[in-house]
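First comes the structure, then the notes that go with it.
Counting starts at 1 for both ligands and their atoms, in listed order. Residue numbers count from 1 along this sequence.
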Amino acid sequence: MTNTGTHHLPNPMVGVVCDLEIIGPHPFHIAGHKYINAVVDGSKCTPVLIPALGNLEQLNQLVTTLDGVLLTGGYSMVNPEHYDGAKPDPDTKLDADRDSTTLPLINMAIAAGVPILGICRGFQEMNVALGGTLHQKLHETGQYIEHREDKNLTLAQQYDLAHSVRLNSGGQLQTIFDSDTIEVNSLHTQGVDQLAPTLLPEAVAEDGLIEAFSVTDAQAFAIAVQWHPEWQFHNNVYSRKLFSAFGQACQHRQQVKNNHG
Ligand SMILES: N[C@@H](CCC(=O)NCCCC(=O)O)C(=O)O
């Protein structure tokens, strides 16, 4: 509960975006438990799921109601049509319903000053939504180390720390983490090619790949990371700090809304 000195507020409410997945014969709107758990225990916020309906009127209504937005990771790829990228391979897993929801939602949330945290696919979506582009297959560029997970390993091994990232000097993440370099996990095929003009690099991998950014001059917390801080976040001091900072931003948003009636 948030004590504003006059009366208690319930925990801030954070919208968690969904994927549209076919399970058996039916489509479902789904979100990963580890993201939801990190919102609850890491950010001390109340999660609500945002269905992948792509309804702009509903998204506008949600943005005025929510105290924060979490853009989760996901196995599907952002459709390259959204950044004039090359036609994807026929076997590429896409999610048009999620794209039609998150890409407008990102711009709405930033414009409204709603705190937003992007993770992995969510990081890639933020870059695309704001005008950037992606490498569709980092491993085929010849420019980068291997950023994909080895699916033959155990889950714990797949989400284990994989490489270091250097935090940009004077950046928000350097302040949040109180460190210049951290180790992160790595489970992604795609990555930032052209960074959107309104984004500021916050962390760079040893091979030069941008692995985190913030929105320049954002009214509120607007940060995204390519790695997975939600994975067993309680065991990682930097993950705890990131979700705590996000939660504090959501709490501030809630208090400002409450004070303005
Ligand atoms: N599909 C994109 C983004 C990778 C990603 O978000 N992986 C998440 C895996 C499942 C999870 O932990 O939520 C890419 O491959 O680059």
### Message
Working note: Gln61 + Thr65, criterion side-chain hydrogen bond (donor to acceptor under 3.5 Å, both in side chains); need CA distance, chi angles, decisive distance, verdict.
### Response
CA-CA 6 Å; Gln61 182 185 5; Thr65 308; 5.7 Å; no
### Summary
Residue pairs meeting salt bridge (Lys or Arg N to Asp or Glu O under 4.0 Å), one or both in residues 203-231, sequence neighbours left out, come to Lys34-Glu230
### Task
Could you tell me whether Arg98 and Glu125 have a side-chain N and a carboxylate O separated by less than 4.0 Å?
yes
### Message
For Glu146, give me all partners under salt bridge (charged side-chain N to carboxylate O under 4.0 Å, His left out), at least two apart in sequence or on another chain.
### Response
Arg148
### Task
Return yes if a side-chain donor-acceptor contact under 3.5 Å exists between Gln174 and Asp180, otherwise no.
yes
Donor-acceptor contacts under 3.5 Å from residues 193-201 side chains, at least two apart:
none

### Task
Select all protein residues for which some heavy-atom-to-ligand 1 distance is less than 4.0 Å, and list them by chain and number.
Lys34, Tyr35, Gly73, Gly74, Tyr75, Ser76, Met77, Cys120, Arg121, Gln124, Tyr159, Leu187, His188, Thr189, Gln190, His228
